[in-house]
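First up is the structure itself, then whatever we jot down about it.
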Amino acid sequence: MTGQPKPDLIFVTLIHQALRVDAERLVAATSTLGSAEQQRLAGVRVFFDEYRAQLGVHHTHEDNIFFPALRAVVDESRIPVAELADQHGALDADLQSICDGFASLANPSCDFDGEHEDVVRSMIGLAKRLDAHLRMEEESVLPLMLSAVPQTTYEKLEAQARKRTSGRRARFLIPWIIEHATPDQRKHLFKIAPPLRAAYLINRHGYRVLDRTLQLTHNPPQGQHAFD
């Protein structure tokens, strides 16, 4: 693709960024939960449910849209398809374990300390596994996307992904990635996709209500709330 415009990977970059940051925030928030904090527990659980859904959508789009398109133009031996699929499965298992753990913690008759320790351990495991998984994609898949997939083709793939993302998921996704963006990333995003600015402003309040549960462990990028 020498001389041809390369795909703009800002969306996947921001998704990876938000996934990493919030995995660590969820570890910190879950670690500090107490047995008497059922309201806070419920808030962390709701945020986790949204996070889990976003990770699931991201993996589904990779498996059904982006990876097949890459395999069509690159020798499959250059793509760790089987390993990435195994990692997706392991992450799904981690997510389910955490989900089950939150359900147990909400039960007043549970052994809170024991269950809490298990959930925190699972959350830490998820954060570590996710970081390794994203690193593999960034080191193997994304460079191939840049070198082998034409910009116009990649834009069509992103359009497919947007079409397959429900409105409910988009209402969280848009403010989520924008709130995690640096000022320069946000400026670039609004430049290449102007409608996102309005979608962000419309949906950011609802997102921030969900996000508030984790705010004590969150250090936003400088200038994050530039539209306040």
Heavy-atom donor-acceptor pair, [X] side chain to [Y] backbone, under 3.5 Å:
X	Y	value
Thr153	Val149	no
His61	Glu158	no
Ser147	Pro143	yes
Thr32	Ala29	yes
Gln185	Thr182	yes

Straight-line distance of Leu95 CG to Arg129 CZ, nearest 0.5 Å: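 It comes to 10.0 Å.
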Applying a strict under-4.5 Å side-chain criterion to I, L, V, M, F, W and Y, I'd like to know whether [X] and [Y] cluster together.
X	Y	value
Val209	Tyr51	no
Val57	Phe66	no
Ile202	Ile177	no

ring-ring contact (aromatic ring centres under 6.0 Å, His included) partners of residues 130-150, not counting sequence neighbours, each pair once: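 Qualifying pairs, neighbours excluded: His59-His133, His88-His133.
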Worked check of salt bridge (Lys or Arg N to Asp or Glu O under 4.0 Å) between Asp211 and Arg25: CA-CA 10 Å; Asp211 181 78; Arg25 293 176 67 211; 2.9 Å; yes
Establish, from distance only, whether the side-chain atoms of [X] and [Y] form a donor-acceptor pair under 3.5 Å.
X	Y	result
Asp8	His188	yes
Asn107	Ser109	yes
Asp92	Gln96	no

Is [Y] paired with [X] through a side-chain N to carboxylate O contact shorter than 4.0 Å?
X	Y	result
Glu50	Arg168	yes
Arg20	Glu24	no
Arg78	Asp75	no
Glu62	Arg71	no

Stepwise ring pair (Phe, Tyr, Trp, His ring centres under 6.0 Å) check, Phe11 with Tyr154: CA-CA 12 Å; Phe11 286 102; Tyr154 189 81; 9.1 Å; no
Result of checking Arg135, Glu137, Met136 against Glu139 for side-chain contact (heavy atoms from CB on, under 4.5 Å):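 Exactly one candidate clears the test, Arg135.
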Plane angle bin for His180 and Trp176 - parallel if under 30°, tilted between 30 and 60°, otherwise perpendicular: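 It falls in the perpendicular class, over 60°.
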